[in-house]
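A quick write-up on the structure given underneath.
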Amino acid sequence: MKIIIINGSHRKNGATAMLLHAIHQRLETYPHVEIQFYHVADLNLKYCIGCCQCYKSGKCIYHDDIEKLSENIETADGIILGSPTYAGNVSGQMKVIIDRGHFVIEQLLFRKYAVSVSTYENYGGKDTAKILNRLLSYSGAFISSSLVIKTPFSSNPLSSHKILTSVNTAADQFYQDVQRKKIYFLQKMRHFILFHFGILPFVRKKGIQYQGVITKWHNKI
């Protein structure tokens with residue numbers, strides 16, 4: 001079982017990172033689990049310039065850390081995304097990953113399992129969760145859990161027994177979903193409608209301009 005965890009906070013020891021590390025540690029208690037943990041602070045991230053070459057060729061014009069990360073996610077069984085809340089949104093680094101990661105149109109997460117983690121101090125945590133969950137859902141993933149954690153700046157959210165219990169429960173549910181290949185029928189139906197009545201006809205209309213997308217679909221859908 002291969003799991004990718006991405007800390008979307010530039011702070012490698014902040015609240016978001018602490019929660020993700022706690023999930024990591026919980027998952028490590030299970031057998032045959034390979035976990036790869038990424039901090040956005042360690043990644044070389046180039047902005048998307050909207051050239052759409054990735055749709056035609058299947059690859060971005062930049063072969064940087066995001067492109068390598070996307071290739072790694074493609075071979076994973078599940079993904080866990082975490083982001084702090086900045087101005088009611090995900091972090092800037094996480095937004096770059098979303099823009100560049102080959103997620104939605106290419107259906108990078110089709111039939112994979114996912115957990116989202118959003119942290120906030122004052123407001124907007126639910127908005128951040130919606131952005132992460134929409135990305136996961138539109139990309140074809142089954143969402144096992146979504147954690148929205150309110151915590152004071154520079155505090156340790158795991159000092160709360162309630163939060164720690166929620167984190168462990170989410171990790172356990174995630175592992176069981178991947179292991180048993182659980183089908184979330186409502187999520188599956190929503191994705192079916194989105195894909196077959198939205199993404200698929202759009203890509204077909206584009207034709208050869210989106211040949212790279214069609215090629216990737218053949219390998220997974």
For [X], enumerate each residue passing the side-chain hydrogen bond (donor to acceptor under 3.5 Å, both in side chains) test, keeping only those at least two apart in sequence or located in another chain.
{"X": "R111", "answer": "none"}
{"X": "D65", "answer": "none"}
{"X": "S155", "answer": "T151"}
{"X": "D64", "answer": "R100"}

Can you list everything that forms a ring pair (Phe, Tyr, Trp, His ring centres under 6.0 Å) with [X]? Sequence neighbours excluded, please.
{"X": "F185", "answer": "none"}
{"X": "F37", "answer": "H21, H24, H39"}
{"X": "F110", "answer": "H191"}
{"X": "Y210", "answer": "Y55, F202"}

For side-chain contact (heavy atoms from CB on, under 4.5 Å), just list the numbers for K2 and E34, CA-CA rounded to whole Å, side-chain angles, deciding distance to a tenth of an Å, and then say yes or no. CA-CA 5 Å; K2 178 179 174 181; E34 172 194 347; 4.2 Å; yes
Tell me whether the guanidinium CZ or amine NZ of K182 lies under 6.0 angstrom from the six-membered ring centre of Y184 and within 45° of its axis.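 K182 over Y184 ring: yes.
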Side chains of Q209 and C52, heavy atoms from C-beta outward: is any pair under 4.5 Å?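 The answer is no; the side chains never approach within 4.5 Å.
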How about [atom1] on [X], more than 12 heavy atoms from neighbouring residues, nucleotides or ligands closer than 6.0 Å, or not?
{"X": "K95", "atom1": "NZ", "result": "no"}
{"X": "I208", "atom1": "CD1", "result": "no"}
{"X": "H196", "atom1": "NE2", "result": "yes"}
{"X": "Y30", "atom1": "OH", "result": "yes"}

Listed once per pair and sorted, the side-chain hydrogen bond (donor to acceptor under 3.5 Å, both in side chains) pairs that draw on residues 40-50, sequence neighbours left out: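 The answer is K12-D42.
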Strictly distance-based, threshold 3.5 Å: is any side-chain N or O of [X] a donor or acceptor partner for the main-chain N or O of [Y]?
{"X": "Q173", "Y": "S144", "value": "no"}
{"X": "K216", "Y": "G58", "value": "yes"}
{"X": "S70", "Y": "I66", "value": "no"}
{"X": "K188", "Y": "I183", "value": "no"}
{"X": "Y113", "Y": "K181", "value": "yes"}

Would you name the heavy atoms of [X] and [Y] that are closest together and state the gap between them?
{"X": "E74", "Y": "K112", "value": "O-NZ, 3.0 Å"}
{"X": "D99", "Y": "C48", "value": "CB-CB, 4.0 Å"}
{"X": "A171", "Y": "I23", "value": "CB-CG2, 4.0 Å"}
{"X": "L20", "Y": "G82", "value": "CD1-CA, 4.0 Å"}

Once rounded to the nearest 0.5 Å, what's the spacing between atom [atom1] of [X] and atom [atom2] of [Y]?
{"X": "I4", "Y": "T75", "atom1": "CD1", "atom2": "OG1", "value": "6.5 Å"}
{"X": "D77", "Y": "D177", "atom1": "CG", "atom2": "CG", "value": "12.5 Å"}
{"X": "I199", "Y": "Q107", "atom1": "CD1", "atom2": "CD", "value": "4.5 Å"}
{"X": "I97", "Y": "L69", "atom1": "CD1", "atom2": "CG", "value": "6.0 Å"}
{"X": "L164", "Y": "R26", "atom1": "CG", "atom2": "CZ", "value": "8.0 Å"}
{"X": "S137", "Y": "I143", "atom1": "OG", "atom2": "CD1", "value": "5.5 Å"}

Is there a donor in the side chain of S116 and an acceptor in the side chain of S146, or the other way round, less than 3.5 Å apart? yes
Side-chain donor-acceptor contact under 3.5 Å, S83 with T128: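 There is no such pair (donor and acceptor under 3.5 Å, judged by atom type) between the side chains of S83 and T128.
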Who else is in the cluster with Y62 when I, L, V, M, F, W and Y are joined by side-chain contacts under 4.5 Å? I49, I61
Residues clustering with Y120 (ILVMFWY side chains joined when closer than 4.5 Å, directly or via others): V148
Non-neighbouring partners of E67 that pass salt bridge (Lys or Arg N to Asp or Glu O under 4.0 Å), sequence neighbours left out: none
Does the pair L81 and L135 meet the rule for a side-chain contact (heavy atoms from CB on, under 4.5 Å), with working shown? CA-CA 10 Å; L81 299 179; L135 170 71; 3.9 Å; yes
Please determine whether side-chain contact (heavy atoms from CB on, under 4.5 Å) holds for the pair L147 and L19, giving the CA-CA distance in whole Å, both sets of side-chain angles, and the decisive distance to 0.1 Å. CA-CA 10 Å; L147 299 175; L19 293 166; 6.0 Å; no
